[in-house]
Amino acid sequence: MEVRVRYAPSPTGLQHIGGIRTALFNYFFARSSGGKFILRVEDTDRERYSDESLEDLYSTLEWLGVKWDEGPVVGGDYGPYIQSERFDIYKKYAEQLVAEGKAYYCYCSPERLEALRKEQAESKSEYQGYDRHCANLTAEERAELEAQGIKPVIRLRVPTEGKTTFHDILMGDITRRNRDISPDPIILKSDGFPTYHLANVIDDHLMHITHIMRAQEWIPSGPLHVLLYQAFGWEVPQYCHLPMVMGKDGQKLSKRHGSTAVRDFRAKGYLPEAIINYVTLVGWSLDGSTEFFTKSELEKCFRLENIHKSPAVFDYKKLDWFNGQYIRAAADERIASLITPYLQEAGFIQDPLTEEDKALVSRIVPPVKERMKVLSDVVPLTAFIFRDEPVEDKTVYIGKGSDLEKTVEALRRGSDILLSGLRSGRSHEDIETELSALATELSIKVAGVFQPIRVAITNSTVSLPLFDSIELIGLDETERRLRRGLTILEEN
RNA sequence: GUCUCCUUCGUCUAGUGGUUAGGACAACGGGUUUUCAUCCCGUCAACGCGGGUUCGAUCCCCGCAGGAGAUGCCA
């Protein structure tokens, strides 16, 4: 039988790390088993729905290169794939359950339910949940409530006796006593929309989903879903609950742990392959030693059996490491086009790129590539090229073991060695040797010579390699900044 | 409160009835280097606790503790 899995997010917020981890696991499982990956939009919560979320879903999956075989936009044999367009289907099935006595109309107000919950919480009652107030209304009672204009919800009758078990590929059999299942959950809301439980079960059945891979937070509702399948007389699909992604403090990963929206990672300059690689490694491993995986490798080697059972903490630093690795491995041309928008946004170069800027960006890439963890790092790294903000604090120019007097001397003579050397085309090695000799002569460390030069040219003690920096701003500008540095050091 | 799941270095993980318990990130130290970074080398660091079973348990069984999740007209 062909494997059919789905990623079924609800467009109520931006796609986050946990969500795409689920998407990726589904996608890789489908690909590695020759099955189909289906995308379904679960927009049954009209209160929290937003168009932005839906657009974010599509753009994020596209950016990651995750293509769905069936779903919105591409279509498929079991559409529509957006739940709000399947409104009538859910209503029909819910009413069928009512007709069969497996579900019933409930007229309780949200206020009554709220009060009930509060009372149960305060009394620490062992029994929590709906009190089945409307479970056995007579036709007359219902007619009267209807006449008052109350729009009812539909609740599923959960048995009070017995227990329900489902099998999870990772976890094994999971059993709950029926009395512990949320009593008579709402399956159709008063606005006619289904709740998650109903819509999910119906669609998974109608779309012939074979494996349900979702986060472990759904485990407790597994038995409820089985009850629903049984009520309809449908075959229960296979379950595989995925370990959750946690923050540093061991709680479910959320905004307070830092960025979780994939869009934010993208904006900061993470590469999609780094995100895919790292996120897949959270809760999954091939052999415990292989670290790097391309997307197409994962499409081949991903196995359900290698998924871990316990929750995993998301490590931002390891993601940074992966990203740095991928940046360094990328072709220079690609990095050039990727860093361009950051330089433009910083106002360093024009938006329609001039030929000159384009050439400059290409020259920036090699020295910068070794130093970036995220693409946006390019801005502070190259600011000195586009903005000249001289360091006024003399002490910054003074290298370790040197003093102001020697620093002035080092900068003056060092500048001459540097400029004349470069103008006459001497090798960097020769110039370096000569600068070292100067240090020896002044009886200071090599850094005592290089530091004032570096600070004068790059306006920072930390910079790209000196000769690269000079090359990027040009010899004339270099000379101007060196002179200016000397002026700063010599003024009182 | 009740129910369900989980438990190997700080983090992600590998692994076995007898191993020096392996790798990666982080941290720390060193080397290369004009700074930073890269790169290379090294150090630190784990089987939650208590009972069993066994010649022997990190691994099998039972308790416990801790953590997480669920208990919504949200998913």
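A, B, ... follow the sequence lines: proteins, then strands. Residue 1 opens every chain.
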Discussion item. Applying a 4.0 Å non-hydrogen cut-off, can you work out what A:Phe467 is touching in the nucleic acid: base, sugar-phosphate, or nothing?
Written reply: base
Worksheet item: If the C1' atom of B:U8 is compared with that of B:G48, how far apart are they to the nearest Å?
Response: 11 Å
Worksheet item: Between A:Lys248 and A:Arg328, which has a closest nucleotide on RNA chain B that is more 5'?
Response: A:Lys248
Practice prompt. Pick base, sugar-phosphate or nothing for A:Ser190, based on heavy-atom distances below 4.0 Å to the nucleic acid.
Written response: base
Worksheet item: Between A:Met372 and A:Glu42, which has a closest nucleotide on RNA chain B that is more 5'?
Response: A:Met372
Practice prompt. Hunt down the Watson-Crick or G-U wobble partner of B:C55, both distances under 3.5 Å, from any strand shown, or write none.
Written response: B:G18
Worksheet entry | For A:Asp43, all residues meeting side-chain contact (heavy atoms from CB on, under 4.5 Å), sequence neighbours excluded | A:Pro11, A:Val41, A:Tyr49, A:Ile82, A:Gln83, A:Ser84
Practice prompt. Give A:Pro465 one of three labels, base, sugar-phosphate or nothing, depending on what nucleic acid heavy atoms sit under 4.0 Å from its own.
Written response: base
Practice prompt. In plain terms, say whether A:Glu85 and A:Arg40 are close enough for a salt bridge, that is, a side-chain N and a carboxylate O under 4.0 Å apart.
Written response: no
Practice prompt. With a 4.0 Å heavy-atom cut-off, tell me which residues in residues 443-458 of chain A come close to RNA chain B, sorted by residue number.
Written response: A:Phe450, A:Arg454
Practice prompt. Quick one: label A:Ser460 by what it contacts on the DNA or RNA (base, sugar-phosphate, nothing), any heavy atom closer than 4.0 Å.
Written response: nothing
Discussion item. Ring centroids only, cut at 6.0 angstrom: are A:Tyr270 and A:Tyr326 within range, meaning strictly under it?
Written reply: no
Worksheet item: Regarding A:Arg132 and the six-membered ring of A:Tyr130, is the cationic atom NZ or CZ under 6.0 Å from the ring centre and inside 45° of its axis?
Response: no
Item to complete: Tell me the partner of B:C39, counting only Watson-Crick (N1-N3 plus N6-O4 or O6-N4) or G-U wobble (N1-O2 and O6-N3) with both under 3.5 Å; none if nothing fits.
Response: B:G31
Worksheet, complete the sentence: Across every strand shown, the nucleotide meeting Watson-Crick or G-U wobble geometry with B:C44 (both distances under 3.5 Å) is none
Item to complete: Tell me the partner of B:G63, counting only Watson-Crick (N1-N3 plus N6-O4 or O6-N4) or G-U wobble (N1-O2 and O6-N3) with both under 3.5 Å; none if nothing fits.
Response: B:C49
Discussion item. Let's test this: given Watson-Crick or G-U wobble pairing with both distances under 3.5 Å, identify the partner of B:U11.
Written reply: B:A24
Worksheet item: P atom, B:G18 versus B:U33: distance in rounded Å?
Response: 48 Å
Fill in: Presence of salt bridge, A:Glu477 and A:Arg481, under 4.0 angstrom
yes
Discussion item. Taking B:A14 as the reference, what is the distance to B:G23 when you measure between their C1' atoms (whole Å, please)?
Written reply: 7 Å
Worksheet item: So what does A:Lys369 touch, heavy atoms closer than 4.0 Å: a base, only the sugar-phosphate, or nothing?
Response: nothing
Worksheet item: Hey, what do you get for CD1 (A:Ile154) to OH (A:Tyr105), rounding to the nearest 0.5 Å?
Response: 4.5 Å
Worksheet item: According to the salt bridge (charged side-chain N to carboxylate O under 4.0 Å, His left out) rule, which pairs have a member within residues 212-229 of chain A, sequence neighbours left out?
Response: A:Glu217-A:Lys252
Worksheet item: Of all nucleotides in RNA chain B with an atom under 4.0 Å from a non-hydrogen atom of chain A, which is the first and which the last going 5' to 3'?
Response: B:G1 to B:A75
Worksheet entry | Distance, C1' atom - from B:A24 to B:G15, rounded to whole angstrom | 16 Å
Worksheet entry | Distance, P atom - from B:G17 to B:A57, rounded to whole angstrom | 15 Å
Which atom pairs, donor and acceptor, lie under 3.5 Å between side-chain atoms of residues 439-446 of chain A and protein residues at least two apart or in another chain?
residue, atom, partner, partner atom, Å
A:Thr440, OG1, A:Ser436, O, 3.0
A:Glu441, OE1, A:Arg413, NH2, 3.0
A:Glu441, OE2, A:Arg413, NH1, 2.9
A:Glu441, OE2, A:Arg413, NH2, 3.0

Discussion item. Mind checking if A:Pro110 touches a base, just sugar-phosphate, or nothing, with heavy atoms under 4.0 Å?
Written reply: base
Item to complete: Could you tell me whether A:Glu432 contacts a base, only the sugar-phosphate backbone, or nothing, with contacts defined as non-hydrogen atoms closer than 4.0 Å?
Response: base
Worksheet item: Expressed in whole Å, how much space separates the P atoms belonging to B:C9 and B:U4?
Response: 26 Å
Worksheet item: Between B:U58 and B:A21, how far is it from one C1' atom to the other, in whole Å?
Response: 8 Å
Practice prompt. Keeping to residues at least two apart or across chains, list the salt bridge (charged side-chain N to carboxylate O under 4.0 Å, His left out) pairs with something in residues 313-330 of chain A.
Written response: A:Glu291-A:Lys318
Worksheet item: Do the two ring centres, one from A:His241 and one from A:Phe166, sit under 6.0 Å apart?
Response: yes
Practice prompt. Under 4.0 Å between any heavy atoms, over every strand shown, what does A:Ile181 touch: base, sugar-phosphate, or nothing? Just pick one.
Written response: nothing
Worksheet entry | C1'-based separation of B:A37 from B:U32 [nearest Å] | 13 Å
Item to complete: Would you classify A:Met244 as touching base, sugar-phosphate or nothing, given that sugar-phosphate means primed atoms plus P, OP1 and OP2, and contacts are heavy atoms under 4.0 Å?
Response: sugar-phosphate
Discussion item. Closer than 4.0 angstrom, basic N to acidic O: yes or no for A:Asp131 and A:Arg112?
Written reply: yes
Fill in: Sugar-phosphate only, base, or nothing, as touched by A:Val313 at under 4.0 Å among non-hydrogen atoms
sugar-phosphate
Practice prompt. Would you classify A:Ser463 as touching base, sugar-phosphate or nothing, given that sugar-phosphate means primed atoms plus P, OP1 and OP2, and contacts are heavy atoms under 4.0 Å?
Written response: base
Worksheet item: Paired with B:G1: which nucleotide, if any, by Watson-Crick or G-U wobble criteria at under 3.5 Å for both distances?
Response: B:U71
Worksheet item: Heavy atoms under 4.0 Å, any strand shown: does A:Thr461 hit a base, just sugar-phosphate, or nothing?
Response: base
Worksheet item: Contact class for A:Leu281 (heavy atom, under 4.0 Å): base, sugar-phosphate, or nothing?
Response: sugar-phosphate
Worksheet item: With a 4.0 Å cut-off on heavy atoms, is A:Thr44 in touch with a base, just the backbone sugar-phosphate, or nothing at all?
Response: sugar-phosphate
Practice prompt. Take the angle between the ring planes of A:Trp68 and A:Tyr58 and call it parallel below 30°, perpendicular above 60°, tilted in between.
Written response: parallel
